[in-house]
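Order of listing sets the numbers, starting from 1, for every ligand and every atom in it. When a residue number appears, it is its place in the shown sequence, counting from 1.
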Amino acid sequence: MKSLKHLLVVVAGLVVGMTAQARTFEEIKASGKIIVATEGAYPPFNFFQGSKLTGFEVELAEAMVKKMGLALEWKALSFDALLAGLRQDRWDMVIASFGITEERAKAVTFTNPHYCSGGVIVSRDGSIRTPDMLAGKTVAVQTGSTYMENVKKLPNIKEVKNFPQDTDARAALMNGRVDAWVSDRFVVKNAIESNPNAPLKQGGYLFVEKVATAVKKGNSSLAAAVDKALAEVMADGTYKTLSEKYMKEDIRCQ
Ligand code: ARG
């Protein structure tokens, strides 16, 4: 009897969990505040300056949320926890340089892209420039990233080394534990500019991608509100100012 009750409670809990609805834009508006998650370890897009979360995506989200007439509460978590948290309604939106992929689009709803970029190959001395040249090499990538997926697809890689944080993948290259690092073109550009004497030389692209914010799968009212706010900051000069502040160029998709 006791165990049957127990079972019923567990089943009821599961049903509630499965049918829990994401907050619609109207519900978020009524509460006055949107909860947005990011990583905070991916300069120049999202990172901590001391205890302050900042970066292109952080400032862009703040500008967009202002257009939406909302306050913003940030959550900073590890990269691989971000999309799963949408499914569990732990936050309303994720902005953390997620490239739009078919696989991810099965699990979340992407908004319009806020930038276009791609994964580039980096080595210490610049000798590895093309995907072919990665044959027989050990390559560092961030766990769960599109860099990991695309490197794994290459036929003759010696080893793919995964790191929970992209900055650790970069460090592995710099201290000689791997032959190459694959990361975002603007992340790499930023790393080279902020460490001009570091052994980091950029080669060519491995792939290109469109990067977007994500909301819970099917939350179309929120996705539409985010798209509208993005179009507004792109039209009024805010986007350009922020993009030039962090990347020295306008990185919107052309
Ligand atoms: N653009 C890549 C991807 O979609 C990497 C994103 C990494 N983002 C981050 N906040 N570390 O997987």
Could you tell me whether Phe98 approaches ligand 1 through its side chain, its backbone, both or neither, with non-hydrogen atoms closer than 4.0 Å? backbone

Select one of side chain, backbone, both or neither to describe which atoms of Asp184 lie under 4.0 Å from any atom of ligand 1, heavy atoms only. neither

Ring centroid separation for Phe79 and Tyr42, is it under 6.0 angstrom? no

Near Tyr147, which atoms of ligand 1 are under 4.0 Å from a heavy atom of that residue? 1 (N), 2 (C), 5 (C)

State whether the number of non-hydrogen atoms from other residues, nucleotides or ligands found under 6.0 Å of Lys228 atom NZ is greater than 12. no

Going by the order shown, which atoms of ligand 1 are within less than 4.0 Å of some heavy atom of Thr146? 1 (N), 2 (C), 3 (C), 4 (O), 12 (O)

If you measure only the distance, is there a donor-acceptor pair under 3.5 Å linking the side chains of Asp184 and Ser117? yes

Mind checking whether Gly144 has an N or O less than 3.5 Å away from an N or O of ligand 1? no

Within ligand 1, which atoms have a heavy atom of Asn46 less than 4.0 Å away? 10 (N)

Within a distance under 4.0 Å of any heavy atom of Glu39, pick out the atoms of ligand 1 and give their elements. 9 (C), 10 (N), 11 (N)

Checking a contact table here: which protein heavy atom is nearest atom 6 (C) of ligand 1, and how many Å away? Ser97 O, 3.2 Å

Enumerate the atoms of ligand 1 whose separation from the nearest heavy atom of Arg104 is less than 4.0 angstrom. 3 (C), 4 (O), 12 (O)

Need the ligand 1 atom indices (1-based, order shown) with element for anything under 4.0 Å from a heavy-atom of Gly99. 3 (C), 4 (O)

Just say parallel, tilted or perpendicular for the rings of Phe45 and Tyr115, cut-offs at 30° and 60°. parallel

Is the count of non-hydrogen atoms from other residues, nucleotides or ligands lying under 6.0 Å from Glu103 atom CD greater than 12? no

Tell me, with the steps shown, if Gln49 and Thr54 meet side chain to side chain donor-acceptor pair (under 3.5 Å). CA-CA 7 Å; Gln49 210 153 52; Thr54 188; 4.9 Å; no

Residues passing the ring pair (Phe, Tyr, Trp, His ring centres under 6.0 Å) test with Tyr246, sequence neighbours excluded, are none

Minimum-distance protein heavy atom relative to atom 8 (N) of ligand 1: Ala96 O, 2.8 Å

Looking at Glu209, Gln165, Gln142, the heavy atom closest to atom 1 (N) of ligand 1 belongs to Glu209

So for atom NZ, which belongs to Lys67, do other residues, nucleotides or ligands contribute more than 12 heavy atoms lying within a distance under 6.0 Å? yes

Proximity of Glu149 to ligand 1 by residue part, where a heavy atom lies under 4.0 Å: neither

Lys/Arg-Asp/Glu bridge criterion (N-O < 4.0 Å) met for Lys240, Glu249: no

Checking the N or O distance criterion of under 3.5 Å, is ligand 1 in contact with Val211? no

